[in-house]
2 protein chains.
Amino acid sequence: MGDDTAVNPRHNKAEVFARLRDAHAREVTEDYVEMIGDLIAEEGEARSVALAERFGVTAATVNNTIKRLERDGYVTSRPYRSIFLTEKGETLAKKCRARHQIVYNFLVSIGVDPEIAEFDAEGIEHHVSEETLAVFEGRLDSPR
Amino acid sequence: MGDDTAVNPRHNKAEVFARLRDAHAREVTEDYVEMIGDLIAEEGEARSVALAERFGVTAATVNNTIKRLERDGYVTSRPYRSIFLTEKGETLAKKCRARHQIVYNFLVSIGVDPEIAEFDAEGIEHHVSEETLAVFEGRLDSPR
DNA sequence: AAATCAATTTAGCCTTGACTAACTTTAAAA
DNA sequence: TTTTAAAGTTAGTCAAGGCTAAATTGATTT
């Protein structure tokens, strides 16, 4: 058999979806560290109640998530106190904020309405590879 | 209502994240109906084993998902037989395939490597609004 | 100092989406 | 036709990420 069964690239999507599942697993973490960073910058501290309000979830959900982030080394927290980013969390937050900004600016630059861009960027940012991000960024420098 | 104090957009992210969670809930459904459609087109039928192989998950996972899709009216299936799209499933598959193609073509058109574009499109497609999709499409007609 | 209120935590529940292991059915080979 | 292999199913487990309701803590008021 001319053997297209070996590895037909068109049929070799499994890895794409595996990486997609990985990306999903990182999304909440990325959104949280980014938001915690924003809150610290804007309000001086990150409280559960503010996170719950901004994400539109309950305080209990925030609590669960923060425990997960703490377990994974992104934040530190003490009972009934505000939340802090670790260096690891800080680094991730910085990266995410920059990436978000590039995606948002790119969308606006090609003609997407700023409000729509804000929404779409929130979803898209987690699925943009370094390579694609570089292309977006390059397009910003030299518009058109 | 000149009044930007009413709803400070910077602090009004809750709805963005709610819509993001909705989008997530739809992703697997969309990926499955799209893939089932592809399989029917390419191989004449959609078998569990092919879905499992392409998504890189176990047969048991496919089984669970198909049950959910059936419950939600996207597919029909009988034990030990292949899977069919309902009209609702067919419609969704068609829409998803078209959207995927536009996102992919757009990425390639701005200079993203086709392999990278294939991967990124898989994640991005679920988060592109109608509006942004239209912009992508418009850019394809008149490149540059 | 006590009462109250807001914030936080805890406990328990649910769905999705993954897994393994064991079993059943169908189809193909011997 | 019997055996075997592949495909599909079932049962049970797990983590993530939501929820509600109830308990606790901390801060503010009286």
Side-chain angles (χ1 to χ4, degrees), chain A residues 5 13-36 39 43-84 122-123 126, chain B residues 13-36 39 43-72 74-84 122-123 126:
Chain A
T5 58
K13 292 264 204 159
E15 211 196 317
V16 170
F17 287 102
R19 286 171 64 190
L20 194 53
R21 288 190 292 272
D22 283 353
H24 277 148
R26 272 191 303 270
E27 287 192 29
V28 170
T29 296
E30 293 182 347
D31 287 339
Y32 267 69
V33 297
E34 197 176 341
M35 191 69 92
I36 291 167
L39 283 168
E43 307 185 353
E45 63 174 355
R47 308 291 310 213
S48 287
V49 68
L51 287 168
E53 194 247 317
R54 293 208 185 180
F55 284 123
V57 298
T58 62
T61 296
V62 169
N63 217 262
N64 283 339
T65 306
I66 294 301
K67 280 209 192 99
R68 215 169 37 248
L69 294 189
E70 193 160 21
R71 182 201 64 189
D72 296 341
Y74 293 103
V75 306
T76 57
S77 76
R78 291 191 335 283
Y80 301 99
R81 289 285 175 274
S82 70
I83 299 146
F84 300 91
E122 203 60 65
H126 304 286
Chain B
K13 292 264 203 161
E15 210 196 316
V16 170
F17 288 102
R19 286 171 64 191
L20 195 52
R21 287 190 294 271
D22 283 353
H24 277 147
R26 272 191 304 270
E27 288 193 28
V28 170
T29 296
E30 294 182 345
D31 286 339
Y32 267 69
V33 297
E34 197 176 341
M35 190 70 91
I36 291 166
L39 282 169
E43 307 185 353
E45 62 174 356
R47 307 292 310 211
S48 288
V49 68
L51 287 168
E53 194 246 317
R54 293 207 185 180
F55 284 124
V57 298
T58 63
T61 297
V62 170
N63 218 265
N64 283 340
T65 307
I66 295 301
K67 280 209 193 99
R68 211 168 42 248
L69 294 189
E70 194 160 21
R71 182 200 66 190
D72 296 341
Y74 294 103
V75 305
T76 57
S77 76
R78 292 193 331 287
Y80 302 99
R81 290 286 175 275
S82 70
I83 299 146
F84 300 90
E122 203 61 65
H126 304 286

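Throughout, protein chains are lettered first and strands after them, A, B, ... in sequence-line order, and every chain is numbered starting at 1. Computed over heavy atoms, backbone and side chain alike; hydrogens, waters and symmetry mates excluded.
Nucleotides of DNA chain D that come within less than 4.0 Å of any heavy atom of chain A span, from the 5' end to the 3' end, D/dA16 to D/dG26.
Using the six-membered ring where Trp is involved, A/F55 and B/F17 have ring planes that are perpendicular, over 60° apart on the 30 and 60° scheme.
A/H24 has its NE2 atom 10 Å from the P atom of C/dA18, to the nearest Å. Atom pair A/D22:CG and C/dA18:P shows a separation of 11 Å (rounding to whole Å applied). Computed from coordinates, the B/D31 CG to C/dT16 C1' distance equals 14 Å when rounded to whole Å.
Between B/N64 and B/A59, the residue whose closest nucleotide on DNA chain D is further toward the 5' end is B/A59. In terms of position on DNA chain C, the residue among A/R78 and A/R21 whose nearest nucleotide sits closer to the 5' end is A/R78.
The CG atom of A/L51 sits 12.0 Å away from atom OG1 of A/T61, with the distance rounded to the nearest 0.5 Å. From B/D31, atom CG reaches atom CZ of B/R54 across 13.0 Å, with rounding to the nearest 0.5 Å.
Taking every heavy atom of both residues into account, A/Y32 and A/V57 meet most closely at OH-CG2, 4.1 Å. Here the closest non-hydrogen pair linking B/Y80 and B/R47 is O-NH2, 3.5 Å. Here the closest heavy-atom approach between residue B/L20 and residue A/G123 is recorded as CD1-CA, 3.4 Å. Across all non-hydrogen atoms, the minimal contact from B/S82 to B/A46 is CB-O, 3.2 Å.
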Atom pairs and distances, donor-acceptor, side-chain atoms in residues 67-78 of chain A, under 3.5 Å, two or more places apart:
from	atom 1	to	atom 2	distance (Å)
A/E70	OE1	A/S77	OG	3.1
A/E70	OE2	A/S77	N	3.0

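The stretch residues 66-74 of chain A touches DNA chain C through A/K67, each having a heavy atom under 4.0 angstrom from the strand.
B/T58 comes within 4.0 angstrom of a nucleotide base, judged by non-hydrogen atoms across all strands. Within the nucleic acid shown, A/V28 comes within 4.0 Å of sugar-phosphate atoms alone, with no base atom in reach, counting heavy atoms only.
Within the structure, side-chain hydrogen bond (donor to acceptor under 3.5 Å, both in side chains) pairs that include any residue of residues 20-29 of chain B comprise A/H24-B/E27, A/E27-B/H24, B/E27-B/H127 (at least two apart or interchain).
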With the sugar-phosphate defined as primed atoms, P, OP1 and OP2, and the base as all remaining atoms, what B/S/- string results for nucleotides 21-28 of chain C, 5' to 3', for protein heavy atoms under 4.0 Å?
---BSS--
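When the side-chain hydrogen bond (donor to acceptor under 3.5 Å, both in side chains) test is applied to A/E122, the partners found at least two apart in sequence or on another chain are B/K13.
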